[in-house]
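Report on one structure; see the data block that follows.
The analysis underlying the following values was restricted to heavy atoms, covering all of them including side chains, and did not include hydrogens, waters or symmetry mates. Please read all numbers here as calculations on a predicted model, not as lab measurements. For this chain, numbers begin at 1 and follow the sequence in order.
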Amino acid sequence: TSDWHLGQNFYGYDRSEEQADFLKQLTSIVRKHKPDALLVSGDIFHTAAPSNATVSLYVESMLEIHHACPSMDIIIIAGNHDSASRLDSDSQLWKMAGVTVLGGIARNEEGLADLQRHIIKVGDKGIVAAVPFAYLSGFPRVTSEAQSAGQRQQAYFQALLDRANQDNHDH
């Protein structure tokens, strides 16, 4: 699922009631079908600075979804409407609830891509290569050689694909 846009006010119409209903329906579907994984692929919020009420709806709903199927892997990645740093700041807390959150593209201490943080095991069934939204200039180098932004993006996705294939083969 994607593009929840929680907190969106659509031409003066407050969508919070329908968004709460959607999240209740999603919880019910999870409770009934017990999927292996739930991937929320971006635009959780409509703005980078959602209201407290919107964040509360998100937190309470994600906890309910987790409780509906505790064995399900939940993976949330930031979209272009989300604040990468805001999502990353809570990622350690979310791990305690079985939720993996990726706000930005991970880097190691040298500033190079930390690909392993983007390879997420889903039970014993497989893996997800999760990449949050990033502008072209936001892709880190995979190696220490100088590259243009486009080359960095291409090298990043190729290296991630190679790592995912290797991890999937080993898995």
Kindly compute the distance separating CG (L136) from CD (Q151), expressed to the nearest 0.5 Å.
10.5 Å
Is the backbone N or O of H81 less than 3.5 Å from a side-chain atom of D43, with the two atoms forming a donor-acceptor pair by type?
yes
Can you tell me how far the NE2 atom of H118 sits from the CZ atom of R163, to the nearest 0.5 Å?
11.0 Å
Identified side-chain contact (heavy atoms from CB on, under 4.5 Å) partner of I76 from the options L102, D82, V40
V40
Donor-acceptor under 3.5 Å (R152 side chain, F139 main chain):
yes
Using atom types as modelled and distance alone, determine if a side-chain donor or acceptor of K32 lies under 3.5 Å from a backbone N or O of T27.
no
Can you name the closest pair of heavy atoms from I120 and A130 and give their distance?
CD1-CB, 3.8 Å
Is there a path of hydrophobic side-chain contacts, each under 4.5 Å between heavy atoms of I/L/V/M/F/W/Y residues, joining V55 to L26?
yes
Is the CZ atom of R15 crowded by more than 12 outside heavy atoms at less than 6.0 Å?
yes
Return the CG to NE2 distance between L6 and H46, rounded to the nearest 0.5 Å.
11.0 Å
Would you say the side chains of Q166 and D162 form a donor-acceptor pair under 3.5 Å?
no
Decide whether L161 and V131 are clustered together by the hydrophobic rule: side chain heavy atoms of Ile, Leu, Val, Met, Phe, Trp, Tyr closer than 4.5 Å, transitively.
no
Side-chain donor/acceptor of S56 to backbone N/O of N52, under 3.5 Å:
yes
